[in-house]
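Each chain gets a letter, A, B and so on, in the order its sequence line appears, and its residues count up from 1. The structure presented is a predicted model; accordingly, all values stated were derived computationally and were not measured.
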2 protein chains.
Amino acid sequence: MRMHNPPHPGEVIRELCLTPLKLSVTKAAEGLGVTRKTLSSLLNGRSGISPEMAIRLSKAFGGSPESWLSQQMIYDLWETEHKLGEINVTVFNTI
Amino acid sequence: MRMHNPPHPGEVIRELCLTPLKLSVTKAAEGLGVTRKTLSSLLNGRSGISPEMAIRLSKAFGGSPESWLSQQMIYDLWETEHKLGEINVTVFNTI
DNA sequence: GGAAGTGTAACCCATGACGTTACAAAATGC
DNA sequence: GCATTTTGTAACGTCATGGGTTACACTTCC
């Protein structure tokens, strides 16, 4: 059922990429080819992993773009489910 | 390497959900709780599956929201990779 | 021929990713 | 202690996109 408040992807990036390599936000942003502000927003959960950012992360730190984007997907889905609450939809059939 | 032009998710929805049930776009849109225009845009590839839409599709036609969103993710990634082309990123390390 | 279904254009609005510039606070180095 | 670096963040603009309403033209079906 996948409950339980997934961490926002920014935390994961910081702990998986920056901290182990002792990379500063500034250096990492330069390496990724984005603005310091852009990376900061991501790390602090004010923006998400875009497809473009997923590709950059993949090239810079490894892992597949899909794995990076999947994290974001799970997070977005969790947020949307909790914001949408009950929606009424006609059940047509089971696939 | 996942090449080869993935179909846009709208096609899949039409062939997997509407056609088998002989649902009109209008009826399906009503069932999903969105505008006819919104569904039409999706079916014809002018918009993508948003997290909210993934939840609606899941409730109406079955399948997990993740499976619906994953399709979109693959498609977005493919598009972004072909639009971005060569980007220069510093390779920091392998995970 | 009338009704229903469909695509789509012209609008509006909200959100989000990314950028530049600038400022204040904290950490680091000498 | 003081200067430099790093960091977060605010204010602003740009661009793309999802969703909505309204309206029009075209097709299909009874």
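Using modelled atom types, one side-chain atom of B:S41 and one backbone atom of B:K37 make a donor-acceptor pair closer than 3.5 Å. Remark: side-chain polar atoms of A:S64 are paired, donor with acceptor, to backbone N or O of A:S67 under 3.5 angstrom. In this structure a side-chain-to-backbone donor-acceptor pair under 3.5 Å is present from B:S70 to B:E66.
Looking at heavy-atom distances under 4.0 Å, A:S40 makes contact with a base. Residue-level contact check: B:R56 touches neither bases nor backbone, having no heavy atom under 4.0 Å from any strand. Counting any heavy atom pair closer than 4.0 Å across all strands shown, B:T35 reaches a base atom.
Protein atom CD of B:E79 is 12 Å distant from nucleotide atom C1' of D:dT17, rounded to whole Å. Put simply, CG on A:L18 is 13 Å from C1' on D:dT6, counting in whole angstrom units. The distance between atom CD1 of B:I49 and atom C1' of D:dG18, rounded to the nearest whole Å, is 13 Å. A straight line from CG of A:L39 to C1' of C:dT20 spans 17 Å, rounded to a whole angstrom. If you take NZ of B:K83 and C1' of D:dA16, they are 9 Å apart, rounded to a whole angstrom. Taking atom CG of residue A:L42 and atom C1' of nucleotide D:dG8, one finds them 14 Å apart after rounding to whole Å. With rounding to whole Å, A:E30 atom CD is found 11 Å from D:dT6 atom C1'. Atoms CZ (B:R14) and C1' (C:dG5) sit 12 Å apart, rounded to a whole Å.
In terms of phosphate contacts, A:T26 brings a side-chain nitrogen or oxygen within less than 4.0 Å of OP1 or OP2 of D:dT7. For the pair B:S41 and D:dG18, the criterion of a side-chain N or O lying under 4.0 Å from OP1 or OP2 is not met. When the side-chain nitrogen and oxygen atoms of B:S24 are compared with OP1 and OP2 of C:dT6, one or more of them lie within a distance under 4.0 Å. For the pair B:R36 and C:dG5, the criterion of a side-chain N or O lying under 4.0 Å from OP1 or OP2 is not met. For the OP1/OP2 pair of D:dG18 and a distance below 4.0 Å, the side-chain nitrogens and oxygens of B:T38 include no atom meeting the criterion.
In terms of position on DNA chain D, the residue among B:R46 and A:N44 whose nearest nucleotide sits closer to the 5' end is A:N44.
To the nearest 0.5 Å, atoms CZ (B:R14) and OG (B:S40) are separated by 7.5 Å.
Below 30°, between 30° and 60°, or above 60°: for A:H8 and A:Y75 the angle between ring planes is above 60°, a perpendicular geometry.
Candidate nucleotides D:dA10, C:dT8, D:dT7 were compared by shortest atom distance to the side chain of A:K37, and D:dA10 ranks first.
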